[in-house]
Amino acid sequence: MADIPYQFAPDSKVQDLITKHADLEAGEETSDVVTIAGRLMLRRVQGKLAFGTLDDGSGRIQLFAPSQSTPDFDEFCDLNLGDWLGVTGVVMTTRRGELSVRVDSWIRLAEARRPFPDKWHGISDTDTRYRQRYVDLWVTPEAREAFQTRSRMISLTRSFLEERGAMEVETPIFHPIPGGANAKPFTTHHNALDLDLYLRIAPELYLKRLTVAGFEKVFEIGRVFRNEGVSTRHNPEFTMLELYEAYADYEDIMRLVEELVEHLAIELTGSTVLTVGDRELNVAKPWRRATMTELIEESIGMALTLDTPIEELRAIASEHEIPIKDAYGPGKLILEIYEKTTESSLWGPVYVTDYPIEVSPLSREHRSNPGMTERFEAILAGRELCNGFSELVDPEQQRIRFEEQAAQNAGGDDEAMLVDEDYLRALEYGLPPTGGVGIGMDRLAMLLTGQTSIRDVVFFPTLRPEQT
RNA sequence: GGGCCGCUAGCUCAUCGGGUAGAGCAGGGGACUUUUAAUCCCAAGGUGCCGGGUUCGAGACCCGGGCGGCCUACCA
């Protein structure tokens with residue numbers, strides 16, 4: 001067996017060969033000599049003639065190896081399933097009409113020293129699939145396709161936003177003060193500075209600092225980290241798209257998001273109708289808009305407002321077996337009632353709008369609905385996809401909201417925000433009217449690929465370390 | 001955190017009213033010049049997740065632990 005080379009130069013991708021030679025008759029031999037490289041997935045040796053199936057990531061093609069013309073025929077027949085090969089030869093079809101590359105020369109590029117999973121059943125143990133994703137992706141074509149779709153989704157999102165004049169930026173992942181969302185952060189420590197730092201739970205406050213700085217449209221696609229549970233919809237690290245647009249309000253942002261999602265659906269699936277589980281979801285714009293209190297009324301038949309007596313709100317909460325705390329004001333109670341009675345029954349697409357100020361510390365008060373904010377979340381396929389608002393631009397208001405949050409944090413709510421003095425200072429330099437949104441890109445990828453677990457759109461989901 | 005389910009050969013799975021496991025694929029040997037999950041013959045392959053217990057005897061039953069999945073809770 002020849003040594004493994006340091007370099008190899010394929011000149012063709014399998015997918016292109018399949019496209020180019022789609023109409024060859026059975027038994028034809030072209031004058032096309034190609035060099036391809038990939039992994040040997042199947043092998044059929046029959047004495048003086050051998051067949052193989054090579055997968056180069058773009059597709060699979062048959063290798064045709066007669067003993068009289070194939071160099072080192074015996075060694076070729078001894079290859080392991082999973083070995084990497086480079087093959088040069090004529091493009092042809094067999095008598096049965098199977099498009100093939102005749103093995104006129106070949107070289108092993110890597111040896112598979114471990115057996116690949118069952119060639120027919122693949123891996124079904126999900127634990128093994130996630131822990132050995134490098135194997136899963138070879139033997140589970142749907143898994144590979146989902147990640148290819150995800151990659152194109154990210155790429156299309158970038159170009160969509162750039163075409164609209166937005167600039168992609170990168171902001172810190174280490175935050176001295178966790179902010180921009182209500183979530184438990186991960187903590188770490190910088191030795192030289194002797195400084196506790198937090199992995200960001202959202203890039204929001206830094207992106208708005210950039211809006212203060214005069215970048216009118218900015219966006220960031222990046223990892224955020226939340227020290228919370230793991231489920232089919234939650235991974236501790238996940239990818240968020242956040243964007244901010246000066247002079248825009250939440251209506252503008254809602255239009256932008258529905259346009260983006262419709263565009264991605266058409267580009268990636270050819271249709272605005274997505275299949276999620278056994279249900280369909282039509283993401284064609286415009287999406288329905290409804291206020292939170294309207295939706296609660298549809299669900300439980302009661303019109304709640306911030307002026308509803310708090311005793312009544314508490315009674316409704318306990319009627320629905322919602323655990324509440326004494327510190328909850330009317331806004332928090334309404335949100336809890338919405339989440340427990342209404343949110344799960346929504347399929348969408350629907351924009352849920354007008355969240356109470358009490359639970360929206362970074363959103364601007366609604367221009368015509370006092371006590372509420374100009375905030376929206378989109379529900380698609382029953383899952384929360386994004387959260388956006390007309391940004392709170394007033395530093396004094398923001399200070400009050402921060403202080404309320406900080407009081408809750410001091411009172412034991414470790415998801416409440418802290419006062420970020422530098423952010424307040426930035427606002428004091430002037431943030432123009434601004435609209436912004438954060439979109440969970442993993443959940444969007446789930447929608448667009450039809451996957452029901454976030455682990456099927458994250459290459460290496462967070463798992464306990466393997467016991468050895 | 002709670003509920004349910006699972007863990008048997010490298011992979012996919014069987015077996016059972018408790019009597020110390022079987023098949024296909026992969027791997028080994030052999031036959032085969034048009035296969036397509038090739039086929040055929042031969043041989044090999046297992047601390048049945050771990051630890052206790054019940055029993056003459058446990059992979060099967062009981063208890064504890066580990067790991068995983070689904071649901072639920074938490075996560076605006």
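Salt-bridge annotation for A:K184 and A:E415: present, with a side-chain N of the basic residue lying under 4.0 Å from a carboxylate O of the acidic one.
The two residues A:H175 and A:R200 come nearest to each other via the heavy atoms CE1-CB, 3.2 Å. A pairwise comparison of heavy atoms in A:F389 and A:E391 identifies CE1-OE1, 3.0 Å as the closest pair.
Residues A:Q62 and A:R44 have side chains that bring a donor and an acceptor to within less than 3.5 angstrom of each other. Between the side chains of A:T140 and A:D136, at least one donor-acceptor pair of N or O atoms lies under 3.5 Å. A donor-acceptor contact closer than 3.5 angstrom is absent between the side chains of A:T232 and A:S453. No hydrogens or angles considered: a donor-acceptor pair under 3.5 Å links the side chains of A:T171 and A:E220. Side-chain N/O atoms of A:T239 and A:R150 include a donor and acceptor closer than 3.5 Å. No side-chain donor from either of A:H366 and A:Y355 sits under 3.5 Å from a side-chain acceptor of the other.
In this structure, A:E377 reaches the sugar-phosphate backbone alone: every heavy-atom distance under 4.0 Å involves primed, P, OP1 or OP2 atoms, never a base. Nucleic acid contact for A:L463: none, since no nucleic acid atom lies under 4.0 Å from a heavy atom of the residue. Backbone-only contact: A:T126 has heavy atoms under 4.0 Å from sugar-phosphate atoms and none from a base. Counting any heavy atom pair closer than 4.0 Å across all strands shown, A:V139 reaches no nucleic acid atom. A:G27 comes within contact range of no nucleotide atom at all, as no heavy-atom separation falls under 4.0 Å. Within 4.0 Å (heavy atoms only), A:F64 reaches at least one base atom of the nucleic acid.
A distance of about 30 Å separates the C1' atoms of B:G46 and B:A31, rounded to the whole Å. A gap of 11 Å separates the C1' atoms of B:G27 and B:A9, to the nearest Å. A distance of about 30 Å separates the C1' atoms of B:G53 and B:C13, rounded to the whole Å. Annotation: B:G65 and B:C4 have their P atoms spaced 14 Å apart (nearest Å). B:G48 and B:C16 have their C1' atoms separated by 13 Å, given to the nearest Å. Remark: the separation of the P atoms in B:C62 and B:G24 is 33 Å, to the nearest Å. Rounded to whole Å, the separation between the P atoms of B:G66 and B:G51 comes to 15 Å. Nucleotides B:G6 and B:A58 are separated by 22 Å at their P atoms, to the nearest Å.
Checking B:A43 for Watson-Crick or G-U wobble geometry (two distances, each under 3.5 Å) identifies no partner in any strand. B:U55: no Watson-Crick or G-U partner with both key distances under 3.5 Å is found in any strand. Pair check for B:C16 finds none; no Watson-Crick or G-U wobble contact set falls under 3.5 Å. In this structure, B:G24 forms a base pair with B:C11, meeting either the Watson-Crick or the G-U wobble geometry with both donor-acceptor distances under 3.5 Å. Nucleotide B:G68: paired with B:C5 (Watson-Crick or G-U wobble, both distances less than 3.5 Å).
Residue A:K340 places none of its side-chain N or O atoms closer than 4.0 Å to OP1 or OP2 of B:U72. A sub-4.0 Å separation between OP1 or OP2 of B:G68 and a side-chain N or O of A:R129 is absent. At B:C70, none of the side-chain N or O atoms of A:T232 fall inside 4.0 Å of OP1 or OP2 (strictly under the cut-off).
Remark: P of B:G28 and CZ of A:R113 are 15 Å apart, rounded to the nearest angstrom. Rounded to a whole Å, the CG atom of A:L42 is 15 Å from the C1' atom of B:U39. Rounded to whole angstrom, the span from the OH atom of A:Y134 across to the P atom of B:C11 amounts to 13 Å. When rounded to the nearest whole Å, the span between CZ of A:R95 and P of B:U34 equals 6 Å. As rounded to whole Å, 12 Å separates atom C1' of B:C49 from atom CG of A:D127. Rounded to an integer number of Å, the gap from CD of A:Q46 to P of B:A37 is 13 Å. One atom, CZ of A:R383, and another, P of B:C71, lie 11 Å apart when rounded to the nearest Å. Whole-Å rounding puts the A:R131 CZ to B:C7 C1' distance at 13 Å.
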Quick test: give all pairs of protein nitrogen or oxygen and nucleotides 40-48 of chain B nitrogen or oxygen below 3.5 Å, distance rounded to 0.1 Å.
none

Could you list, one pair per line, each protein nitrogen or oxygen that sits under 3.5 Å from a nitrogen or oxygen of nucleotides 22-27 of chain B, together with the distance?
from, atom 1, to, atom 2, distance (Å)
B:G24, N2, A:D118, OD2, 2.8
B:C25, O3', A:K119, NZ, 3.3
B:A26, OP1, A:K119, NZ, 2.9
B:G27, OP1, A:R43, NH2, 3.4

Stepwise, does the side-chain contact (heavy atoms from CB on, under 4.5 Å) test hold for A:I177 with A:V419? CA-CA 8 Å; A:I177 301 169; A:V419 180; over 6 Å; no

For A:F64 and A:L49: C-alpha separation, side-chain torsions, deciding distance, then whether side-chain contact (heavy atoms from CB on, under 4.5 Å) applies. CA-CA 8 Å; A:F64 178 79; A:L49 179 65; 3.8 Å; yes

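Ring geometry for A:F225 against A:F186 counts as perpendicular: the plane angle is over 60°, on a 0 to 90° scale with 30° as the lower cut. Relative ring orientation between A:W106 and A:F76 is described as perpendicular, the plane-to-plane angle rising above 60° on a 0-90° scale split at 30° and 60°.
Residues from residues 51-63 of chain A placing a heavy atom under 4.0 Å of any atom in RNA chain B, listed by number, are A:F51, A:Q62.
A:W287 has its ring centre no less than 6.0 Å from the ring centre of A:W347. A:F219 and A:Y244 have their aromatic ring centers separated by at least 6.0 angstrom.
For A:R44, the listed nucleotide lying nearest its side chain is B:U36; candidates were B:U36, B:C70, B:A73.
Residues A:A181 and A:S453 both approach RNA chain B. Their nearest nucleotides, taken by heavy-atom distance, put A:S453 toward the 5′ side.
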